[in-house]
Protein chains: 2
Amino acid sequence: MAKDEAPTRIQRDRRRRIREAGLEVFSAKGFRGATVDEIAQAAGLSKPNLLYYFATKEAIYTDLLARLLKAWLDPLRALDPEGEPMAELLAYVRRKLHLARDFPRESRLFAGEILRGAPLMGADLSGDLRRLVDARAGVIAGWMATGRLAPSDPHHLIFSIWALTQHYADFEVQVRAVLGDVRDPWAEAERHLVTHFTRLLTPLVAI
Amino acid sequence: MAKDEAPTRIQRDRRRRIREAGLEVFSAKGFRGATVDEIAQAAGLSKPNLLYYFATKEAIYTDLLARLLKAWLDPLRALDPEGEPMAELLAYVRRKLHLARDFPRESRLFAGEILRGAPLMGADLSGDLRRLVDARAGVIAGWMATGRLAPSDPHHLIFSIWALTQHYADFEVQVRAVLGDVRDPWAEAERHLVTHFTRLLTPLVAI
DNA sequence: CCTGTCTTTGACCAAGCGGTCAAATCTGCA
DNA sequence: TGCAGATTTGACCGCTTGGTCAAAGACAGG
């Protein structure tokens, strides 16, 4: 397999299929619970063939995580310091919720990694992630200081948004078990979270 | 080993130690990531000796989960329909947060199981859990209907409390990575969540 | 102090696992 | 079409793992 050369058509295709299969299996069973054979089968390849494209099982996993982190932070990155505070934050909540709804496997993969202490991501968390969160927390703090948002701790506000949105993807079986088969968790969640954060962030008018 | 007889002193002791060791290892590495040898060593026993008290690795795990679910629901059970609504709900939030703070391994064990689709708990979730949540959601709905709490969907309110409290235990490495080593996540979380829910649940006074 | 039961252990096994390798086959380009 | 490099595969390897077993050792009641 070429190393520095541009990837061939087959390489691009196989690698994509392996990532897709890896995401499916890893998100459902975790790193240890997944087997190379199962991923290979899901990708429509033999095991040695898969190992021809990714040297180790861990290589698939870390490749997935690295790509994931970037996509996962985009909604926060998109928070516009020049925009209208309430609209910006509600848009962020919506984007994050839609990300969890449309990419639950990614959400669970990430959750599993953090839950186990982020053995393969520790550096990224206190690096890029932290810088981005600090920057955006600063923006939010500014909005609160000028009275355009109800005051609270911006870091914990961000945690709240993460926790509430990812909950519906990561604990989906629990949510469905409690709500029953009739209700639509995602639609209800969106309504609930929008009113939740609207109420939470609306500044009290001084009388 | 006796089956129906009362357990001997040694049986009680060994079983307790195995559960403690199992909780430690399972919560850190998940079911598949944990090995019987490691649990045995953590319990100060040889592997065959451990298997003498629990027939299989899964038996330890399910025993842990069954005990956990009960303890995990106690705070919700303690919600008093006769009490003052706001005080009751804030007390619930605090109890749940303290549970996550004081028993993070239990929280992570539970989270890991749900994350993987609750293969060993499915029935319990749509059984006891659902009934209890429905009952308490009814109580909260009553409080909201009489205007003593701001209205919202009680089920999703309960999900919010779960998500926000468990987040600090389950994603502790992420929280610490973002906040840095100086800050005290748990103390901040308690202040934040109390003001968060106070604000959220206080009924707007009609003028 | 003796005996039946409970407890502990070293040795072992079969299955599953991640990964290797040499040989076979395919692909794209001159 | 020929061929060099890319791709695929069956067979295989060494290691880990959950679990077994027979025999040895500890314990408690009489």
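Chain A is the first sequence line, chain B the second, and so forth, proteins listed ahead of strands; every chain is numbered from 1.
A:Asp63 places a side-chain heavy atom less than 4.5 Å from the side chain of A:Phe54.
Between B:Phe159 and B:Trp162, the ring planes are tilted. Angles from 30° to 60° get that label. Using a 30° and 60° split on the angle between ring planes, A:Phe26 and A:Tyr61 fall in the perpendicular class, above 60°. Ring geometry for A:Tyr168 versus A:Trp186: interplanar angle of 30 to 60°, hence tilted.
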With 3.5 Å as the limit, what N/O pairs link the protein to nucleotides 3-5 of chain D?
none

All N/O contacts under 3.5 Å from nucleotides 28-30 of chain C to the protein, with atom names and distances to one decimal?
unit_1: C:dG28; atom_1: OP1; unit_2: A:Arg9; atom_2: NH2; d: 2.2

All N/O contacts under 3.5 Å from nucleotides 9-18 of chain D to the protein, with atom names and distances to one decimal?
unit_1: D:dT9; atom_1: OP2; unit_2: A:Ser46; atom_2: OG; d: 3.2
unit_1: D:dG18; atom_1: OP1; unit_2: B:Ala34; atom_2: O; d: 3.2
unit_1: D:dG18; atom_1: OP1; unit_2: B:Lys57; atom_2: NZ; d: 2.9
unit_1: D:dG18; atom_1: OP2; unit_2: B:Val36; atom_2: N; d: 2.9
unit_1: D:dG18; atom_1: N7; unit_2: B:Lys47; atom_2: NZ; d: 2.9

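A salt bridge does not link A:Glu172 to A:Arg101: none of the charged nitrogens lies less than 4.0 Å from a carboxylate oxygen. Between A:Arg131 and A:Asp134 there is no salt bridge, since no side-chain nitrogen of the basic residue lies less than 4.0 Å from a carboxylate oxygen of the acidic one. A salt bridge links B:Asp74 to B:Arg77: one of the charged nitrogens lies within less than 4.0 Å of a carboxylate oxygen.
When rounded to the nearest whole Å, the span between CZ of B:Phe54 and C1' of C:dT7 equals 16 Å. Atom-to-atom, CD1 of A:Ile39 to P of C:dG19 comes out at 10 Å; the value is rounded to the nearest Å. Atom CZ in B:Arg17 sits about 12 Å away from atom C1' in C:dT8, given to the nearest Å. Straight-line distance from the CD atom of A:Gln11 to the C1' atom of D:dT8: 14 Å, rounded to whole Å.
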Given side-chain contact (heavy atoms from CB on, under 4.5 Å), test A:Trp143 with A:Met86 step by step and report yes or no.
CA-CA 9 Å; A:Trp143 289 340; A:Met86 180 67 72; over 6 Å; no
Is there a side-chain contact (heavy atoms from CB on, under 4.5 Å) between B:Glu188 and B:Leu179 once you walk through the steps?
CA-CA 10 Å; B:Glu188 295 183 7; B:Leu179 290 184; 3.9 Å; yes
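Using modelled atom types, no side-chain atom of A:Lys96 and backbone atom of A:Leu164 make a donor-acceptor pair closer than 3.5 Å.
Interatomic distance, CZ of A:Arg130 versus NE2 of A:His155, reported as 7.0 Å (0.5 Å rounding).
Contact check, A:Tyr53 against D:dT8: a side-chain N or O comes under 4.0 Å of OP1 or OP2. Listed pair B:Thr8 / D:dC27 fails the phosphate criterion, with no side-chain N or O lying under 4.0 Å from OP1 or OP2.
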